[in-house]
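A short worksheet on the structure shown next.
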Amino acid sequence: MSMPTDLTLAEARDALAKGELSSKELTEAHIAAVEHVRPLNAFITETPEQAMEMAAQADSRRAAGEAGVLEGIPLAIKDLFCTEGVLTTAGSHILDGFKPVYESTVTANLWRAGAVLLGKTNLDEFAMGSSNMTSYHGPVESPWKRRGDNRKLVPGGSSGGSATAVSARCALGATGTDTGGSIRQPASFTGIVGFKPTYGRCSRWGVVAFASSLDQPGPMTRTVRDSAIMLRGMAGYDPKDSTSVDLPVPDYEAALTGDLRGLKVGVPKEYRVDDMPQEIEDLWTAGVEWLKAAGVEIKEISLPHTKYALPTYYIVAPAEASSNLARYDGVRYGLRVDGQGDLTSMYEATRGEGFGQEVKRRVMIGTYVLSAGYYDAYYNKARRVRTLIANDFKSAFEDVDLILTPTAPSEAFAEGEKMDDPIAMYLNDVFTVPSSLAGLPAISVPAGLSANGLPLGLQLIGRAFDEEMVLRAGAVLEEASGFDAVPAWLDERA
Amino acid sequence: MSIDKDTVNGIAKLARIRLEESQADALVGELNNILSWVEQLGELDTEGVAPMTSVVERKLPLREDKVTDGGYPEKILANAPQAAEPFFTVPKVVE
């Protein structure tokens, strides 16, 4: 048998069910891989003892005939999910030492389904970033390298640690969160599958809040099937999140029929942005051909307000962040820095030292656009444009069942690149932000390699709460692309 | 609309963030760039368009107004940088 870490989540599940492998063996192999991958800085906290305990319990439950849908499967958890008694940092200095006294709903659902916690993964501070360079706990390095070039590449962000953990095969899957592309862009950069479900599908309770009207947890895995399995273990109505939706959670894996005949897929003309690299254009064309070959009708569509999505996002998200991050005041948890003896200067000193540069920048923008005199001109204007963007998708989905686009406008970049211009960094999310603003489900599937030998992803966007169709078409793209490249990290391991 | 250093310091005051002199200087340029970039939204006519409050087209659920949780001050205080049970403690605010 190959190494247990080379199994996909579905293969591991089947091997466990047949008794070919125990969760203890599977978990031990992944703990060793987590240790081996330390130079990439994917984890902020490793939990090997807890993992072995959970694996032993999973094996006992299986022996008693009580196996859940993820029984005995070792997973990594983005360090934005509160985990009871386990350090939770959000990648920030300001949450130093924070050990939640409660468990997020999504992780509680995963443990109830039998999953095993390997550790908490690194991320951009408060999930604000597209490179994983803004973490207080240091950057995450991608397991991939350009051909003939030894420079360290970013894994994308903000779920960069989760992407690296899955891509470097030290976890069978990982949770991510996506506010404007934080699951999909790192998935594209690291050659894995990342799925942002419909806003409301997974509970946000116990997930450190960035922009509450956009944040959505989702799975990051090596295959579409694995994402289908993992999402089933994460999703569900939660009375503690008033925006979580009371709909039954389907067996997503059953939706992977491979049959797309008669479907219509839209290709939005506004996504042909200026200076898009030719190889991304070519990959998109290949995606169109693969879907056609599967019996899909392709239609050119228009999403006329696309170019306004990023500026809208960079008003709405910072506004919500400035409000959500007001709670970090040195009183209830985390860091406290004394000021000049009074309360206000303690707040200012704590937040001045506790927040990194990008977080400060966004809190400042958010504070400004919500301040008296500017609220209407910026914040309300952006919320009106957001309505127009959501309406674009609504009209499009009257004609088509899915929308196909590239996931990101480039391959992974090197550490240090794009760091001096915030807007250049923000443009990474040009293809992912519009569907976030509309709350729609969207998946990134690895579909090819760039000339430099780096992975490139294609994105499929679906109708609200139709995760099944997105997964079904994603699996067809995955199969047609035949993507089987592995990161340089794994070659070096062999 | 252009932002100067006084405005940056004013925003920092509102946001309760202490800025070093050099950070404030850098933020003048960065905030101006970002704000002039987002101002392209002004090109759009949004007269009569309702501002979005939520992408979930559902009525927010209501529940009975009663206490459903609580009664564990020691857990609430477990992560406090400073506490004197059963209270959080802060620098003196009343003389």
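Residue numbers begin at 1 in each chain, while the letters A, B, ... track the order of the sequences.
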Measure distances from [X] to the heavy atoms of chain B and classify the residue's part below 4.5 Å as side chain, backbone, both or neither.
{"X": "Ile423(A)", "answer": "side chain"}
{"X": "Tyr379(A)", "answer": "neither"}
{"X": "Ala438(A)", "answer": "backbone"}
{"X": "Val331(A)", "answer": "both"}
{"X": "Tyr102(A)", "answer": "neither"}
{"X": "Gln357(A)", "answer": "side chain"}
{"X": "Lys240(A)", "answer": "neither"}
{"X": "Leu440(A)", "answer": "neither"}
{"X": "Thr312(A)", "answer": "both"}
{"X": "Tyr313(A)", "answer": "neither"}
{"X": "Ser242(A)", "answer": "both"}
{"X": "Ala326(A)", "answer": "neither"}
{"X": "Met346(A)", "answer": "side chain"}

- Flag, side chain of Asn32(B) to backbone of Val28(B), donor-acceptor distance under 3.5 Å: yes
- Task: Measure from the side-chain N and O atoms of Ser244(A) to the backbone N and O of Asp238(A), and report whether any donor-acceptor pair falls under 3.5 Å.
- Result: yes
- Message: Under the criterion side-chain contact (heavy atoms from CB on, under 4.5 Å), I'd like the reasoning laid out for Asn391(A) against Met52(B): C-alpha separation, chi angles, the key distance, then a yes or no.
- Response: CA-CA 11 Å; Asn391(A) 288 345; Met52(B) 180 176 284; over 6 Å; no
- Item | Glu20(B), CD: over 12 other non-hydrogen atoms inside 6.0 angstrom | no
- Query: In this structure, are over 12 heavy atoms from other groups packed under 6.0 Å from Lys5(B) atom NZ?
  - Reply: yes
- Axial cation check for Tyr378(A) ring with Lys381(A), 6.0 Å and 45° limits: no
Heavy-atom distance under 4.5 Å to chain A: side chain of [X], backbone, both or neither?
{"X": "Ala12(B)", "answer": "both"}
{"X": "Leu19(B)", "answer": "side chain"}
{"X": "Leu27(B)", "answer": "side chain"}
{"X": "Gln23(B)", "answer": "side chain"}
{"X": "Gln40(B)", "answer": "both"}

- Item | SB check Glu348(A) Lys13(B) (cutoff 4.0 Å) | yes
- Task: Assess whether side-chain hydrogen bond (donor to acceptor under 3.5 Å, both in side chains) is satisfied between Ser130(A) and Asn428(A), documenting all intermediate values.
- Result: CA-CA 7 Å; Ser130(A) 310; Asn428(A) 256 289; 5.1 Å; no
- Message: Please verify the inter-ring angle class for Phe355(A) with Tyr328(A); under 30° counts as parallel, over 60° as perpendicular, anything in between as tilted.
- Response: perpendicular
- Item | Test side-chain hydrogen bond (donor to acceptor under 3.5 Å, both in side chains) applied to Ser213(A) and Arg386(A), step by step | CA-CA 11 Å; Ser213(A) 78; Arg386(A) 188 175 176 188; 2.8 Å; yes
- Query: Thr83(A) and Glu103(A): side-chain hydrogen bond (donor to acceptor under 3.5 Å, both in side chains), yes or no, with the steps?
  - Reply: CA-CA 5 Å; Thr83(A) 41; Glu103(A) 187 77 26; 5.4 Å; no
